Participant: 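Please read through the structure below; I'll follow up with questions.
Note that the structure is a prediction, hence the values are computed from the model and not measured. Just so we're on the same page: letters track the sequence lines, and every chain starts at 1.
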Amino acid sequence: MNPLNLLDNLNEPQQQAVLATDTALMVLAGAGSGKTRVLTRRLARLIHQGEAGVGEIMAVTFTNKAALEMRTRITELLRMDESVARRMWIGTFHGMGARFLRTHAEVLGFDPNFVILDSGDQQRLIKRLSEQMGFVDPYWTYKRLASSIGRWKDDGLGPEDLATTRLRSSRELQRLSDFYAAYQDELRRMNAMDFGDLLSNCLKLWDRAPELLTGYQRRFRHLLVDEYQDANKVQYDWMRRLAVDGALCVVGDDDQLIYSWRGARLDNILKFEEDFPNARVIRLEQNYRSSGNILRASGGLIDHNIGRKGKTLWTSGQEGALLELYVAEDGEDEARYVTREIMRLVPGQSFHDMAVLVRTSSQTRLFEQAFHEFGIPYRVSGGLRFMDRAEIKDAVSYLRLAHSMRDDLAFDRIINVPSRKLGPKALEEIQRAAAGGSLMDGARRVLETRGLGPAALGQLQKFVDLVDRAHALLEVAHPVEVLDRLLEESGYMEALELEERRADMRENLRELRVFLSQVDDLGAFLERAALEADPPGTEQREDGVSRVVISTLHAAKGLEFPVVFLVGLEEGLLPHKMAVDEGGQAAVEEERRLTYVGMTRARERLFLSHARVRRMFQRLEPVIVSRFLKEIPTGTIRKRETVITARRGVGIPRPRRRF
DNA sequence: CTTGGAGTTATTTTT
DNA sequence: TAACTCCAAG
């Protein structure tokens with residue numbers, strides 16, 4: 001497009017949102033109202049008009065996918081050179097945080113090559129620490145500890161601030177506060193930060209060195225925040241401090257707030273006008289995505305939420321087809337139904353125009369199986385991610401340890417993988433020898449003092465030598481070579497031979513190798529490995545094959561498809577049992593928003609379904625239909641009769657009546 | 001001491 | 001179903 005026509009094909013409020021750059025701006029953008037278009041045009045215009053240089057704009061998103069998307073669209077819109085586009089600060093909150101903190105790590109007493117812990121690392125550390133400290137409490141499982149600490153960080157609470165939380169007793173308050181503080185000490189000792197630290201340490205950094213903040217405020221002439229409704233306390237503070245009044249634009253939709261479990265607050269939308277008194281608010285309510293029926297159905301559903309700002313989407317488009325509801329016998333039948341419909345639609349639609357949206361990642365398996373059986377190409381997004389696979393984490397841990405010897409979590413993960421007969425007792429000895437230093441140093445000391453049996457010492461020596469050699473090799477060789485040597489000489493590849501899933505694992509490691517070969521700096525690689533669950537070339541798999549997308553509802557936000565299957569509309573799943581049991585009314589409203597997000601992904605056809613019985617763990621449980629289904633206006637849905645399969649009574653067990 | 005097997009149990013969503 | 005704990009063999 002000619003940059004001069006940046007207002008083409010925009011409606012009145014959209015144009016205003018592109019042009020209003022004199023005061024802070026909040027755009028309340030309903031689903032499908034052209035938000036991304038407005039956002040990219042606004043940025044493109046700022047650059048094109050010379051109101052801000054390419055490097056003076058910051059755009060923050062919540063997911064790497066969204067960041068990449070925005071970057072690509074602006075680059076194309078302005079026909080930017082790759083080298084120029086690179087200078088735009090477009091990324092996730094966490095990515096930006098890491099970037100600031102790497103640059104100024106020493107201000108906070110960290111080494112610039114600090115390690116970023118993912119949630120798995122965090123959990124393992126908390127587990128180890130709670131065992132060490134004798135923190136035993138049936139309620140405070142290490143998982144609960146981990147998620148609570150994460151949540152406190154999201155809420156901007158340090159160990160000293162827990163008094164404001166709802167805890168059972170002052171004794172508990174003290175214990176948790178002590179534990180939280182010990183956890184933070186441990187992170188510091190390891191030169192590590194978890195996800196929450198990437199944000200809260202930025203605030204600390206700016207407190208300690210205000211001139212840095214001033215510098216960045218001057219630098220970033222415009223700050224743009226996407227999916228603003230999902231910002232938590234720390235992200236809000238982060239954003240508010242970085243943006244000078246008038247240089248800020250946030251875009252969000254209270255009906256699509258689906259991350260309150262991570263600290264997102266509706267409050268942010270309400271507070272915006274208080275914190276930026278001159279702020280303008282623009283509402284985008286014309287929907288360009290979905291048919292009238294889909295809009296009416298989803299609008300009827302979301303109307304049942306009490307806590308919302310309220311807005312009414314409208315379209316000038318067609319009513320379109322009615323939604324279809326299918327009641328399946330069980331989960332397998334539901335998957336077969338979706339398969340049949342896809343086959344039926346496929347002459348007119350490409351596979352990649354269709355998506356199956358699920359509440360939990362465990363639901364994906366049924367669809368993968370059915371699609372596999374019927375030869376339907378598919379791609380799973382959300383759910384178990386590339387970087388979470390055991391073999392990938394192992395390989396990355398080897399690299400991490402070679403990169404930073406202080407990375408105790410990496411050490412801990414791989415010291416006995418493959419088995420070196422160095423079990424818990426050996427590790428305990430190493431830990432003792434470390435005496436507060438790193439495990440790597442502890443290992444060296446154990447070797448000096450011969451603090452283990454001869455066989456174990458031999459193995460330990462080999463391990464330490466391997467890491468030392470890899471560390472030295474990093475100076476002169478490409479990381480890929482280092483990885484190859486690590487996996488080969490550690491015996492990891494050999495041990496893989498004994499694994500049952502070795503073909504998969506090998507393939508995954510090969511993909512990791514490809515990804516690694518594309519970077520020239522191990523630090524940059526590890527950064528992305530920590531922050532991006534699915535690095536490019538792994539998740540995207542751009543092989544040109546058109547594939548049906550299977551996605552969790554969370555991962556589907558921001559996407560759209562001509563055909564959407566929203567499955568598992570059952571109590572316990574949607575709304576999820578956890579939300580109903582633990583979160584009460586507010587949590588159910590969030591589940592409703594999640595359903596709303598799913599429905600509004602659809603452009604032309606929306607298929608809903610649920611089963612009559614569902615296999616929960618071992619057991620087939622009778623299903624109660626989702627309350628949300630009843631909240632959808634009846635005139636918008638057509639109910640399809642269950643197709644009675646011939647195998648009924650043979651292959652499909654009937655729900656057993658319980659007494 | 002380590003390891004593998006048996007038995008048990010608990011299952012959301014993601015940076 | 002996978003992830004964890006517990007226990008006995010080597």
Participant: Assess whether side-chain contact (heavy atoms from CB on, under 4.5 Å) is satisfied between A/Lys35 and A/Asp253, documenting all intermediate values.
Facilitator: CA-CA 10 Å; A/Lys35 175 194 73 170; A/Asp253 178 3; over 6 Å; no
Participant: Taking only Lys NZ, Arg NE, NH1 and NH2, and the carboxylate oxygens of Asp or Glu, determine whether A/Lys393 and A/Asp118 approach each other closer than 4.0 Å.
Facilitator: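 A salt bridge is present here (some side-chain N lies under 4.0 Å from a carboxylate O).
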Participant: What is the nucleic acid contact for A/Leu422, judged by heavy atoms within less than 4.0 Å: base, sugar-phosphate only, or nothing?
Facilitator: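 Sugar-phosphate contact only.
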Participant: Which nucleotide in the list C/dC4, C/dT1, B/dT14 gets nearest to the side chain of A/Arg365?
Facilitator: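 The nucleotide sitting nearest to the side chain is C/dT1.
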Participant: Which whole-number value in Å describes the distance from A/Asp118 CG to B/dT15 C1'?
Facilitator: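 Rounded to whole Å, this separation is 10 Å.
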Participant: Closest-nucleotide mapping onto DNA chain B: is A/His554 or A/Ser419 further toward the 5' terminus? I mean the 5' end.
Facilitator: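 Per heavy-atom nearest nucleotide, the more 5' residue is A/Ser419.
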Participant: Would you mind classifying the nucleic acid contact of A/Phe93 as base, sugar-phosphate or nothing, using non-hydrogen atoms under 4.0 angstrom?
Facilitator: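 Here A/Phe93 touches no strand at all.
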Participant: Would you say the side chains of A/Tyr236 and A/Asp267 form a donor-acceptor pair under 3.5 Å?
Facilitator: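 Note: A/Tyr236 and A/Asp267 side chains miss the donor-acceptor criterion.
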Participant: From C-beta outward on A/Lys425, which listed nucleotide comes closest to its side chain: B/dT13, B/dT15, B/dT2?
Facilitator: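 From the listed options, B/dT2 comes nearest.
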Participant: Return the nearest nucleotide to the side chain of A/Thr63; candidates are B/dT13, C/dC4, B/dT15.
Facilitator: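 So the side chain of A/Thr63 is nearest to B/dT15.
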Participant: Of the candidate nucleotides B/dT12, B/dT15, B/dT14, which contains the atom at the shortest distance from the side chain of A/Thr360?
Facilitator: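 Minimum distance to the A/Thr360 side chain belongs to B/dT12.
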Participant: Between B/dT13, B/dT15, C/dC4, which nucleotide gets closest to the side-chain atoms of A/Ser119?
Facilitator: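 Shortest atom-to-atom distance from the side chain points to B/dT15.
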Participant: On DNA chain B, nearest-nucleotide positions of A/Ala530 versus A/His576: which is more 5'?
Facilitator: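 Result of the comparison: A/His576.
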Participant: Between atom CG in A/Asp121 and atom C1' in B/dT15, what is the gap in whole Å?
Facilitator: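 Distance, rounded to whole Å: 14 Å.
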Participant: Heavy atoms only, 4.0 Å cut-off, all strands: where does A/Asn64 land among base, sugar-phosphate and nothing?
Facilitator: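 Touches nothing.
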Participant: Check every atom of B/dT15, B/dT13, B/dT2 against the side chain of A/Pro424 and return the nucleotide holding the closest atom.
Facilitator: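 In terms of side-chain proximity for A/Pro424, the closest of B/dT15, B/dT13, B/dT2 is B/dT2.
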Participant: For the ring pair A/Phe525 and A/Phe515, is the centre-to-centre distance below 6.0 Å?
Facilitator: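 So the answer is yes for these two rings.
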Participant: Expressed in angstrom and rounded to an integer, what is the separation of A/Met578 atom CE from B/dT13 atom C1'?
Facilitator: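 Whole-Å distance recorded here is 11 Å.
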Participant: What interatomic distance, in whole Å, is found between C1' of B/dT13 and the corresponding atom of C/dC4?
Facilitator: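 The answer is 23 Å between these two C1' atoms.
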Participant: Has A/Tyr259 got its ring stacked on the base of B/dT13, with centres under 5.5 Å and planes less than 30° apart?
Facilitator: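 Per 5.5 Å and 30° rule: no stacking.
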Participant: Given B/dT15, is OP1 or OP2 found less than 4.0 Å from the side-chain N or O atoms of A/Asn232?
Facilitator: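 So the side chain of A/Asn232 is outside the cut-off, no N or O lying under 4.0 Å from OP1 or OP2 of B/dT15.
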Participant: Respond yes when some side-chain nitrogen or oxygen of A/Lys127 is under 4.0 Å from OP1 or OP2 of C/dT5, and no when none is.
Facilitator: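 Answer is yes, contact under 4.0 Å.
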Participant: Using only side-chain N and O atoms of A/Thr552, determine if any of them is under 4.0 Å from OP1 or OP2 of B/dT14.
Facilitator: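 Answer yes for this pair, as a side-chain N or O of A/Thr552 is under 4.0 Å from OP1 or OP2.
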Participant: Where the side chain of A/Arg262 is defined as all heavy atoms beyond and including C-beta, which of B/dT14, B/dC1, B/dT12 is the nearest nucleotide?
Facilitator: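 The answer is B/dT14.
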Participant: To the nearest Å, give me how far apart CZ (A/Arg151) and P (B/dT15) are.
Facilitator: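 Spelled out: CZ on A/Arg151 to P on B/dT15 is 17 Å.
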Participant: For the residue pair A/Gln459 and A/Gln461, confirm or rule out a side-chain donor-acceptor distance under 3.5 Å.
Facilitator: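 Side-chain D/A pair, A/Gln459 to A/Gln461: absent.
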Participant: Base, sugar-phosphate or nothing for A/Lys143? Non-hydrogen atoms, less than 4.0 Å.
Facilitator: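 Here A/Lys143 touches no strand at all.
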Participant: If you measure only the distance, is there a donor-acceptor pair under 3.5 Å linking the side chains of A/Glu368 and A/Tyr378?
Facilitator: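 On atom types as modelled, these side chains qualify, holding a pair under 3.5 Å.
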Participant: When you measure from the side chain of A/Lys421, which nucleotide among B/dT13, B/dT3, C/dT5 comes out closest?
Facilitator: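 That would be B/dT3.
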Participant: What integer distance in Å separates A/Gln459:CD from B/dC1:P?
Facilitator: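 These atoms are roughly 17 Å apart.
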Participant: What integer distance in Å separates A/Arg389:CZ from C/dA2:C1'?
Facilitator: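 After rounding, the gap between these two atoms is 15 Å.
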